[in-house]
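One structure below.
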There are 2 protein chains.
Amino acid sequence: MQERTTYCGLVSEKDLGQEVVVKGWVQKRRDLGGLIFIDLRDREGIVQVVFNPEVSQEALKIADACRSEYVIGVRGKVVERTGSAINPRMKTGKVEIIAEDIIVYNEAKTPPFVIEDDQTISDDVRMTYRYMDIRRPSMLNNLKLRHHVTRVIREFLNDNGFLDVETPYLNKSTPEGARDYLVPSRVHPGHFYALPQSPQTTKQLLMGAGIDRYYQVVRCFRDEDLRGDRQPEFTQVDIETSFLTEEDIQAYTENMLSKVMKEVMGMDIPIPFPRMTYDDAMDRFGSDKPDTRFDMELIDMKEAVKDVDFKVFQQALSSGGAVKALNAKQAADKYSRKDLDKLGEWLAQFGAKGLAWVKVEEDGLKGPIAKFLVDASDKIIETTNAEVGDLLLFCADTDSVVAASLGALRNRLGKELDLIDPDKFNFLWVVDWPLFEYSEEEDRFVAAHHPFTMPKESDIELLETSPEKVYAKAYDVVLNGYELGGGSLRIYQRDLQEKMFKALGFTKESAESQFGFLLDALDYGFPPHGGIALGLDRLVMLLAKKDNIREVIAFPKNSKAADLMTSAPSIASKEQLEELSLSVELED
Amino acid sequence: MQERTTYCGLVSEKDLGQEVVVKGWVQKRRDLGGLIFIDLRDREGIVQVVFNPEVSQEALKIADACRSEYVIGVRGKVVERTGSAINPRMKTGKVEIIAEDIIVYNEAKTPPFVIEDDQTISDDVRMTYRYMDIRRPSMLNNLKLRHHVTRVIREFLNDNGFLDVETPYLNKSTPEGARDYLVPSRVHPGHFYALPQSPQTTKQLLMGAGIDRYYQVVRCFRDEDLRGDRQPEFTQVDIETSFLTEEDIQAYTENMLSKVMKEVMGMDIPIPFPRMTYDDAMDRFGSDKPDTRFDMELIDMKEAVKDVDFKVFQQALSSGGAVKALNAKQAADKYSRKDLDKLGEWLAQFGAKGLAWVKVEEDGLKGPIAKFLVDASDKIIETTNAEVGDLLLFCADTDSVVAASLGALRNRLGKELDLIDPDKFNFLWVVDWPLFEYSEEEDRFVAAHHPFTMPKESDIELLETSPEKVYAKAYDVVLNGYELGGGSLRIYQRDLQEKMFKALGFTKESAESQFGFLLDALDYGFPPHGGIALGLDRLVMLLAKKDNIREVIAFPKNSKAADLMTSAPSIASKEQLEELSLSVELED
């Protein structure tokens with residue numbers, strides 16, 4: 001058969017009367033009044049092919065033997081469909097191909113699911129037969145979208161003088177941050193490389209090397225327990241610049257994302273993006289990545305309830321904590337007492353000891369705790385702007401538990417109450433981050449971003465005395481409640497970097513052995529620098545309006561970090577282990 | 001200091017009279033007649049900055065304290081240089097900046113080498129301080145060249161409907177081919193991922209998934225002993241297509257490479273590239289990647305020497321081997337007997353037992369073996385087109401030893417005799433490869449390309465009986481004697497793929513356990529497909545006219561697969577090994 005002249009999905013009225021050659025998969029074969037109809041599918045869509053014994057008896061015979069997912073090529077003439085033959089739901093529904101010739105490239109067993117969207121297919125089956133799952137239009141579109149987004153990002157960065165520099169995947173393991181994937185070395189027995197969690201130090205060294213503007217669309221690896229939007233490997237748009245300010249870097253990021261939204265989604269996103277401080281985001285949304293597509297902000301109830309004789313509130317306030325509320329407008333009827341009990345239980349994962357609530361009725365606040373609030377009723381209604389029909393939800397605890405609980409509750413209610421416009425794309429900068437966060441698990445301060453983040457000048461003197469008070473020159477870009485990326489200016493002075501390591505609990509020796517190469521580099525003429533890294537999977541996922549990054553990754557791992565299609569990971573051979581001087585020690 | 005207005009290396013006469021802000025590294029500071037001159041360097045080049053006490057006493061004082069590799073910013077006015085102050089060797093040599101303000105961003109210790117090209121610096125020092133090595137103009141230019149090549153390649157493929165699809169780095173280990181780098185799994189103790197040697201099966205599955213045209217600029221990993229042009233990780237331009245012929249794929253490749261040559265090098269490379277069969281290449285050049293920038297082809301001497309009474313020749317011919325020669329034109333005077341003895345010793349690595357030679361003089365052939373050749377002298381001179389002053393070099397052995405030896409000798413003499421025009425870029429297709437090659441080491445046939453390569457239809461029946469006679473639908477693109485890339489049509493029929501595995505020594509079970517996912521996929525409607533993979537590092541190396549890919553990789557490993565800068569690989573902690581259920585077994 002000759003070369004393909006067009007994709008199935010692109011055959012149109014422009015081709016009327018033309019001979020075309022199309023190649024693809026049999027979506028459907030129908031036998032109708034002596035004719036055979038085949039819906040032929042390729043990556044661009046579906047076209048109807050008609051086999052008519054008057055055109056070719058032989059072609060008809062071959063077509064008759066075709067089944068779903070056979071791979072065929074067809075040569076034929078494009079003709080107009082008329083009357084009821086027109087299919088308005090098909091892009092190519094006004095035309096069809098009258099086949100003159102057909103070739104069967106490959107047959108197919110009956111697939112485990114029909115290659116169509118909106119099928120209910122278990123995740124395991126999808127992953128085992130991913131090559132067929134991807135044939136479905138929605139998956140193909142997700143991968144095309146990803147291609148397009150990446151292309152626009154690259155073009156923007158290329159046009160702005162950023163150099164695409166590849167950094168190594170076989171790196172040195174460093175204990176700071178998430179868990180590394182290790183790669184044993186054969187040449188150096190007992191030694192290991194680590195796959196990069198991000199090329200953070202490497203890209204900083206490129207600034208020391210005078211690259212000035214670097215980018216890379218780069219794979220990163222974290223051996224963490226998986227969640228819906230996490231994978232063992234993920235892709236980062238990694239950017240680093242020298243001599244620029246936070247605002248400069250943010251402006252490049254905004255221009256880049258706005259170009260993506262324009263060229264990929266056809267949407268005008270106003271820039272600059274709104275900015276919110278970290279403290280403000282936590283106060284008002286209980287989240288460092290607020291979804292600003294809907295209101296229902298957290299309301300500080302301290303003033304309103306300070307005299308209320310309700311133990312939970314008083315305990316929280318007297319121990320320096322907070323009492324805050326959400327006003328779920330007109331939601332009183334939508335949540336039964338039982339629903340609210342369940343919400344309370346669900347909130348336990350965020351540390352909340354319970355959920356206090358009242359419904360606003362004509363004759364006042366109603367609900368289990370209403371009796372405690374009688375005297376403060378007016379103030380509560382005023383503070384929450386409550387109206388009849390509203391549901392007020394309270395949380396009283398430490399600042400961080402209140403934020404985490406009401407933040408999560410807000411997001412949940414936003415969805416349940418249908419407050420979110422799915423067509424909105426709300427970009428936001430969260431700025432002025434704390435430099436450290438306290439890790440209960442490790443009983444020490446850890447870097448909120450990473451150990452190379454520049455503190456605000458005015459806070460440097462607090463590094464050793466009050467690390468919890470130090471703010472950073474760090475910024476996250478947030479989209480629709482997801483952290484899309486995080487960046488910062490970096491430390492470029494050796495003494496400051498050493499102080500930072502010390503504050504993180506490094507000894508002089510451990511800092512030297514882990515990051516000596518970076519400290520040394522800072523001695524040899526290092527420019528001020530900073531950058532940002534964006535999660536490509538997450539960006540594409542949000543643009544595709546999906547809620548799992550697996551939908552935008554061709555061959556993802558499952559929730560146990562396994563590839564069901566190829567059965568990776570798998571047992572290594574004795575020879576492989578011997579060459580690596582390794583032995584496996586399994587517990588019984 | 002304000003934002004940079006331009007790069008140092010881009011300041012030109014267009015800027016005369018303008019105020020500019022530049023930022024970079026101090027290349028040189030000179031004190032001359034009360035003025036301070038600083039050559040300031042950034043990624044685009046160097047500009048001279050003048051500090052004059054009459055302009056700013058304070059700036060002069062700061063400039064006076066600057067040393068090499070200090071990072072500074074300068075604001076000042078661009079003025080013309082006149083007379084002897086003009087530096088014709090500098091791109092910016094007609095102008096200079098009269099500094100009004102200076103800021104020192106960072107100081108620098110004295111670097112271990114001067115940041116200039118053409119320094120003699122040991123490889124170890126370069127690698128340990130790679131961030132300073134890259135500051136040298138030649139390294140920056142190599143990385144810029146790489147960026148540019150990648151950009152043009154991506155643009156070409158994007159414009160031709162190829163989709164950039166990312167494939168996993170954590171894969172299943174397969175024993176076929178080179179040695180895998182393994183990645184132990186924490187979640188599945190005793191199980192390992194493998195880093196991809198190439199995304200070969202994955203990209204084929206993308207064809208099964210209907211992607212139709214795929215590309216990726218992708219890292220690949222091989223745990224092999226290193227050579228000059230090998231690294232543990234390297235980058236491949238990976239391309240796969242459905243429904244296309246060998247010629248179609250070659251044409252895309254040619255158009256892509258010709259665009260690279262045009263846009264990056266400003267050169268017009270004629271397409272289509274010349275084509276040579278594998279057998280021809282071995283016969284005429286003793287190489288499957290002939291350097292066609294010079295002649296001096298291998299000459300078959302069988303006819304000419306068949307009656308010569310020289311044991312070495314007779315043994316080779318009688319046992320079915322070959323006698324071939326090179327005619328090194330006018331090289332007789334350039335190689336002493338001692339030189340030629342050394343060449344003979346050097347050839348031993350290719351299996352040659354010695355090097356026979358004669359020099360062509362006025363009165364006939366001269367040299368140690370000339371006495372044996374007297375009767376055949378005229379025929380030898382005629383066959384080799386010899387003239388007085390030529391040096392004839394003979395090898396007599398099996399076909400493969402003769403090819404390997406004379407092929408290597410040809411390349412060496414080509415360089416030594418200065419026969420190669422370094423400005424030439426000779427692209428070439430080597431086509432019609434054998435499907436298998438015999439591995440002495442494994443005592444079996446192994447795939448010349450890989451186990452998925454499509455045999456020529458007419459040879460399929462020979463798969464089981466005479467594998468050595470089977471040719472493949474495989475093609476390599478060669479540039480200046482380097483294999484730039486290899487490709488093939490792939491097997492898309494399950495039964496043929498099973499036959500291929502059998503011919504490679506797989507059992508039904510081992511084929512199933514290693515490649516069952518691919519065999520299964522072939523059952524479910526797999527299109528005809530094929531592609532090519534190009535070595536990006538090698539391409540850029542050749543365009544940069546370097547002879548080691550380390551010159552075009554930002555942070556390469558050394559010959560022991562180590563990173564001297566960060567000291568990777570390194571010892572893993574006890575906790576890391578425990579989490580992975582591994583223990584290291586070192587020999588004493």
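Letters go in sequence order (proteins before strands), and every chain restarts at 1.
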For [X], which atoms come within 4.5 Å of any heavy atom of chain B: side chain, backbone, both, or neither?
{"X": "Gln2(A)", "answer": "neither"}
{"X": "Arg179(A)", "answer": "side chain"}
{"X": "Met1(A)", "answer": "neither"}
{"X": "Asp520(A)", "answer": "both"}
{"X": "Leu157(A)", "answer": "neither"}

Could you check which of [options] has the highest count of heavy-atom pairs closer than 4.5 Å to chain B?
{"options": "Leu143(A), Ile115(A), Asp42(A), Leu195(A)", "answer": "Leu195(A)"}
{"options": "Leu182(A), Leu522(A), Thr128(A), Val165(A)", "answer": "Leu182(A)"}
{"options": "Met565(A), Arg151(A), His188(A)", "answer": "Arg151(A)"}
{"options": "Pro184(A), Ser573(A), Ala554(A), Ser68(A)", "answer": "Pro184(A)"}
{"options": "Asn158(A), Val217(A), Leu140(A), Leu518(A)", "answer": "Asn158(A)"}
{"options": "Gly190(A), Ala209(A), Ala108(A)", "answer": "Ala209(A)"}

### Task
With sequence neighbours excluded, tell me which residues meet ring pair (Phe, Tyr, Trp, His ring centres under 6.0 Å) with Tyr524(B).
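Tyr129(A).
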#### Entry: Pairing residues for Phe162(A) by the ring pair (Phe, Tyr, Trp, His ring centres under 6.0 Å) criterion, not counting sequence neighbours
Tyr252(A)
Is the shortest side-chain N to carboxylate O distance from [X] to [Y] below 4.0 Å?
{"X": "Glu107(B)", "Y": "Arg67(B)", "value": "no"}
{"X": "Glu233(A)", "Y": "Arg219(A)", "value": "yes"}
{"X": "Lys172(B)", "Y": "Asp563(A)", "value": "no"}
{"X": "Arg146(A)", "Y": "Asp537(A)", "value": "yes"}

### Query
Heavy atoms, side chains only, cut-off 4.5 Å: are Asp212(A) and Arg4(B) in contact?
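They are in side-chain contact.
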### Query
Is the side chain of Glu166(A) donor-acceptor paired with the backbone N or O of Ile553(B) at a distance under 3.5 Å, no angle test?
no
Please classify the contact of [X] with chain A as side chain, backbone, both or neither, using a heavy-atom distance under 4.5 Å.
{"X": "Ser185(B)", "result": "side chain"}
{"X": "Ser513(B)", "result": "neither"}
{"X": "Ser567(B)", "result": "both"}
{"X": "Val187(B)", "result": "side chain"}
{"X": "Leu564(B)", "result": "neither"}
{"X": "Glu585(B)", "result": "both"}
{"X": "Arg213(B)", "result": "both"}
{"X": "Leu577(B)", "result": "side chain"}
{"X": "Glu579(B)", "result": "side chain"}

### CA sep, side-chain torsions, deciding dist, call: Glu44(B), Lys144(B), salt bridge (Lys or Arg N to Asp or Glu O under 4.0 Å)
CA-CA 10 Å; Glu44(B) 301 301 335; Lys144(B) 282 188 218 165; 3.3 Å; yes
### Message
Before we go on, tell me: are the rings of Phe526(B) and Tyr105(A) under 6.0 Å apart, centre to centre?
### Response
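Here the rings of Tyr105(A) and Phe526(B) have centres that are no less than 6.0 Å from each other.
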### Task
Would you check if there is a donor-acceptor pair between the side chains of Asp180(A) and Ser173(A) at a distance under 3.5 Å?
yes
### Query
For the residue pair His147(A) and Tyr215(B), does the interplanar ring angle fall in the parallel (under 30°), tilted (30 to 60°) or perpendicular (over 60°) class?
perpendicular
#### Entry: Parallel, tilted or perpendicular: ring planes of Tyr193(B) versus Tyr181(A), cut at 30 and 60 degrees
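If you compare the ring of Tyr193(B) with that of Tyr181(A), the planes turn out perpendicular.
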### Message
Taking every non-hydrogen pair under 4.5 Å, which of Tyr7(B), Trp25(B), Tyr70(B) racks up the most with chain A?
### Response
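When all of Tyr7(B), Trp25(B), Tyr70(B) are compared, Trp25(B) has the most.
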### Task
Determine the option with the most heavy-atom pairs under 4.5 angstrom with chain A, choosing from Ile134(B), Leu582(B), Val183(B), Asp223(B).
Asp223(B)
